[in-house]
Amino acid sequence: MNGKINMEVKIGSLHLKSPVMTASGTFGYGEEFADFCDLNRLGAIVVKGISLQPRKGNPPPRIVEVAGGMLNAIGLQNVGLDAFISQKLPPLSRYNTPIIVNVFGEDAKEYTELATRLDGVPGVAALEVNISCPNVKEGGVHFGVDHKMAQHITSLVRRATKLPLIVKLTPNVTDIASIAKAVADGGADAISLINTLTGMSVDIKHRRPHLQNITGGLSGPAIKPIALRMLWQVRKAVSLPLIGIGGIMNATDALEFLITGAVAIQVGTANFINPRATMEITDGIERYLAMSQITDVNSLIGSLQT
Amino acid sequence: MNGKINMEVKIGSLHLKSPVMTASGTFGYGEEFADFCDLNRLGAIVVKGISLQPRKGNPPPRIVEVAGGMLNAIGLQNVGLDAFISQKLPPLSRYNTPIIVNVFGEDAKEYTELATRLDGVPGVAALEVNISCPNVKEGGVHFGVDHKMAQHITSLVRRATKLPLIVKLTPNVTDIASIAKAVADGGADAISLINTLTGMSVDIKHRRPHLQNITGGLSGPAIKPIALRMLWQVRKAVSLPLIGIGGIMNATDALEFLITGAVAIQVGTANFINPRATMEITDGIERYLAMSQITDVNSLIGSLQT
Amino acid sequence: MEECLGSVVAIDEPKKDHFLLTLRVPESFSAPLPGQFVMLRQTPSSTAEVNGFSLPRPFSVYDFTAGSLMILFRRVGKVTSWMAHLSPGEALFIRGPLGNHFPPPTGKKNIMVFAGGIGVAPMHFFTKYFRKENIRVFVGAKTDGELLLHDTFCEICNEVKIATDDGSYGRCGLVTDFLPTSMEPKTVIYACGPKSMLQSLSMMIPAEVDCHVSLEERMACGIGACLGCAVEIWTVAGEKTIRSVCKDGPVFPLKNVVWENK
Amino acid sequence: MEECLGSVVAIDEPKKDHFLLTLRVPESFSAPLPGQFVMLRQTPSSTAEVNGFSLPRPFSVYDFTAGSLMILFRRVGKVTSWMAHLSPGEALFIRGPLGNHFPPPTGKKNIMVFAGGIGVAPMHFFTKYFRKENIRVFVGAKTDGELLLHDTFCEICNEVKIATDDGSYGRCGLVTDFLPTSMEPKTVIYACGPKSMLQSLSMMIPAEVDCHVSLEERMACGIGACLGCAVEIWTVAGEKTIRSVCKDGPVFPLKNVVWENK
Ligand SMILES: Cc1cc2nc3c(=O)[nH]c(=O)nc-3n(C[C@H](O)[C@H](O)[C@H](O)COP(=O)(O)OP(=O)(O)OC[C@H]3O[C@@H](n4cnc5c(N)ncnc54)[C@H](O)[C@@H]3O)c2cc1C
Ligand SMILES: Cc1cc2nc3c(=O)[nH]c(=O)nc-3n(C[C@H](O)[C@H](O)[C@H](O)COP(=O)(O)OP(=O)(O)OC[C@H]3O[C@@H](n4cnc5c(N)ncnc54)[C@H](O)[C@@H]3O)c2cc1C
Ligand SMILES: Cc1cc2nc3c(=O)[nH]c(=O)nc-3n(C[C@H](O)[C@H](O)[C@H](O)COP(=O)(O)O)c2cc1C
Ligand SMILES: Cc1cc2nc3c(=O)[nH]c(=O)nc-3n(C[C@H](O)[C@H](O)[C@H](O)COP(=O)(O)O)c2cc1C
Ligand code: FES
Ligand code: FES
């Protein structure tokens, strides 16, 4: 758009050409959106969460729409690490965009192994460690809500990889700042937040939960105020680069996160509604910067006046 | 509507002619809605939170609309206990509807004193103890997120009053079930949940928070899935009567809570949009029961099939 | 007072992004007094199921004749953008009339009205309602494109003066520049406009001169139930106290309003 | 494939709560094959700011002729209620054509189509597309009031049989009652309808008879990205595996579908 505006941001050693990334689990393995988006314009692509072994996920129905958002209980279905590296990663290497691999393990050992095996794999730009999935008991929910375990997992992964290490936090906690501090102490390079909030919805006609799994993760505009508040709390608690996630549907939403202090943002549920959402958000941020006569997005980041 | 349908529910020794109550802080002191509603049809009226001393609350702006709901940072403004008893309570006694007084203290002593002084006041049917307000540091947030303190406050209030004791929980916690258990152990007769989730919203034009207080409590449809999930978790953890709150806008929403296991529900933010919301919800529940050929609302409560 | 269904009779756009909405109201709708306002909201119409959450929005009464309520509004955001696309026949919910009203200028010789921006709406109803030629009206706007109603005021009152921030119409400057330096006794001032304008007035008008201003604050309920629309007011005893703009206002004596210093 | 803007040409209600929507689509919209579907969603129109969150919704192609896409839908909830009020000229976003399609009945002598309820939509496109008189069509509905398209099928095909659950039209019973007990070789069956109907077929049709069914599951994206629309499928090796209805389907060989036992 405007050649004079700098959109490049840094997350540790990782240089992103734009602060607009995709959120894990909402952009498939990237290719699904190639028809809709110029994948080269994205700051980064975060792929669907990967575990050591392939996983089948939960029985359907897995999704239901609720006011202001949706619940999902995918149950972390994924192709597993081997198939990811052999089948999903190669087509993505065609793009000039960093690929961030979202990983989760059932125990500490799996996290270490995932990190070890992904270290040095060509085409992997960074790891995003999901210690926060609320759907599957083994999905790490016990790591993400306890600051000691969060720190433990972070330091294990830290030792296992030289890749930039992003840890993704769950909002289903009393004190997100203490978890963020623990993760920082564990050696994370950056923190992304938030994952989904656990929710439920009832079919009053059949008097049963809409989701076969009973509960699921709430995403979409409904969680945006909570995500912003947590970003604000974490920003005051740690000095790591933060990646804002939660209900970002348009450029205005994205700007709220950048202003509050996120150095980058991830677009999730919005991709389902508008597969071009990431492009339109990128355009919108550039337009806002131009209109506000800001030549570098970094001057906007964290500029909230209180 | 249908004379043959029983809508009466019990919360301990408290008999309500309908499961539809109002939520504290969203129905003023009741009188404000007398033009719109037949206050006699309500299960109970829960009044705005009362503290020992009058409170001025937070500076404006105090409210802002967000996707699927609103943020408020009223800051627990209230007339104080004395003025409440002398001015606000008497007009309410005209109605044939139980008045539940929502109270909060800045410390344990205040909670005890509030309970002691309200015990035996004519026209007070029950206490709802707010250990969960997220807006004001002194509003009890430290009580509601810690299970030991929650139990402590509950048992103090329990000893100070013979009134039915409802404890209202905050959703801003990792494990709501453990707080519920603590409150049950402390001697509560019932639990109401949820209060607001802490959120934030940013004015990108002026790059400052929309609320003067920076953060505020999120209410409305956005929080309904979270409220339902917490109700479900608490229902499995304790056997006390539960009162469901959070984003109830219409009869369908109310029925979701009843089916999930709430013996009564509170209507909050909906009152601002439609001051007749409580009446329409009552009608809608009756219609649903009639259509489902259920003659007693109690047979519906907790009938969720999983 | 209850909520009633109103239906759109007409909607015009006298100036870009400024709309004049005429609503037919049922007989049960009480006649409003100048300064009062209504809360408007969407009806649960056929498309309501896809509509998101939306609080009602406050609008001053611009005009009222039996059965017909007029609102003047500026498109600024979500709900006013929706309202701008209303078409005749569409229904909406009207809660009101709400709040207190301007005290009548009874026995006052020198009556001045200050209206800034969209604040002309209630001041129009005021001048029309009391219809005194000796009302002097001062209208301010950012620019000609946002200047409203000066013609209408001219029809009613003998003296109407205009100021725009950019000088594109009338005097270049602020509407408060019209405030005379000395004021005769029996002067009364009525004002509605942006906070900055009212705050200037509060610094310029001597305490012994009567001045009534209509305030704005974010509202959720409009009926005193949510305590969202708080304003700090000086009590007679010189203490600060909290009042609700929707119930205790929107009209307050200017000298009673506490202005924050930030 | 991209999202394109379609505009409403016509909308009819042939039976109560059942609507036939004709959309004009741009040239870039690829011609769909029978069994494929589209995802529809609101445009960010003038009123979009007051519209709440809404995922796109999947609908089978009912008919397609150059530049014109037809959808047959039943009003069941939020979005279909909104769609029922569309009027000519209104725009909506169309994502598609999506998914796989029914394999052509090439070389088959005995072609049977089973359509239950709103499942007639894709089966209409199928019969029209292949336009063979020897296609035998069996249509089922709860009641006459929900029975759709049997006239249209009669125009295309020689044999059309109807069943309603309550006997208000055609045979009283289930559409699956029409399934012959023995089937000639070179039989192929195509079906779309409620889960219970497909599950009955799976128990009644011998494994050696070709049968292709179109499945439904809740969808968020329609393009294989969210993994919301999971279905369990038997692999050749006899193992259960997960497939996406939107990308790997919606058409699957009936014998490959894993039916839960609850
Ligand atoms: C007593 C009263 C009388 C009013 N009378 C009129 C009138 O006659 N004509 C008219 O056009 N407007 C009037 N207003 C203001 C009007 O209520 C707001 O413009 C309207 O609520 C904006 O709604 P929205 O959804 O379009 O904007 P939103 O999308 O809610 O907000 C858009 C922008 O406007 C700001 N804003 C929203 N509400 C207010 C408010 N109450 N005060 C200050 N800023 C606000 C927001 O911060 C935001 O920047 C009145 C307000 C009050 C309190
Ligand atoms: C591949 C595919 C093709 C389809 N083709 C057609 C078609 O041609 N015509 C047509 O009328 N419908 C079709 N459907 C179903 C259609 O997508 C749903 O009826 C629609 O999404 C309902 O949207 P709503 O907002 O009106 O209902 P909602 O308010 O979302 O839900 C209303 C009720 O319908 C149920 N429901 C919602 N979506 C589904 C679903 N996907 N499957 C089963 N139950 C559901 C809900 O549980 C709820 O009880 C198809 C679905 C799929 C997956
Ligand atoms: C269908 C779906 C699948 C998801 N899968 C993952 C996942 O595999 N790993 C992960 O860390 N987060 C996952 N998430 C969470 C998102 O990455 C994101 O944190 C969350 O949805 C909030 O953002 P949003 O409101 O923009 O969607 C998933 C979310 C959705 C909706
Ligand atoms: C403006 C406002 C004021 C509130 N004040 C109180 C209060 O004084 N005490 C309390 O326990 N809860 C208070 N609440 C919380 C509500 O009682 C209720 O728990 C919450 O709003 C969720 O319900 P809802 O989504 O139906 O509004 C308040 C909520 C709002 C919106
Ligand atoms: S708007 Fe609710 S108290 Fe004034
Ligand atoms: S609907 Fe998203 S994967 Fe099928």
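Note that this is a predicted model, so its numbers are computed, not measured. Letters go in sequence order (proteins before strands), and every chain restarts at 1.
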Tell me the residues of residues 251-263 of chain A whose non-hydrogen atoms fall below 4.5 Å from those of chain B, in number order.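 Listed by number: A:Thr252, A:Leu255, A:Glu256, A:Ile259, A:Thr260.
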How far apart are the closest heavy atoms of [X] and [Y], and which atoms are they?
X        : Y        : value
A:Pro225 : B:Val66  : CG-CG2, 3.9 Å
A:Ile204 : B:Tyr288 : O-OH, 2.6 Å
A:Ile294 : B:Arg207 : CD1-NH2, 3.4 Å
A:Gln305 : B:Arg208 : O-CB, 3.2 Å

Between atom [atom1] of [X] and atom [atom2] of [Y], what is the distance when rounded to the nearest 0.5 Å?
X        : Y        : atom1 : atom2 : result
A:Thr306 : B:Leu211 : OG1   : CG    : 13.0 Å
B:Leu228 : A:Thr198 : CG    : OG1   : 13.0 Å
A:Ile226 : B:Thr215 : CD1   : OG1   : 12.5 Å
B:Thr174 : A:Ile179 : OG1   : CD1   : 6.5 Å

Please flag which part of [X] lies under 4.5 Å from any non-hydrogen atom of chain A: side chain, backbone, both or neither.
X        : answer
B:Leu218 : side chain
B:Val173 : both
B:Ile214 : side chain

Of the backbone (N, CA, C, O) and the side chain (C-beta and beyond), which part of A:Ile223 lies under 4.5 Å from a heavy atom of chain B, both, or neither?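 For A:Ile223, there is no contact with chain B at all, as no heavy atom is under 4.5 Å.
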Residue list, side-chain hydrogen bond (donor to acceptor under 3.5 Å, both in side chains) with B:Thr154, at least two apart or on another chain: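 By the side-chain hydrogen bond (donor to acceptor under 3.5 Å, both in side chains) rule, B:Thr154 matches no residue at all.
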Step by step, work out the side chain to side chain contact (heavy atoms under 4.5 Å, CB included) result for B:Asn172 and A:Arg229. CA-CA 12 Å; B:Asn172 298 298; A:Arg229 179 261 297 182; 3.5 Å; yes
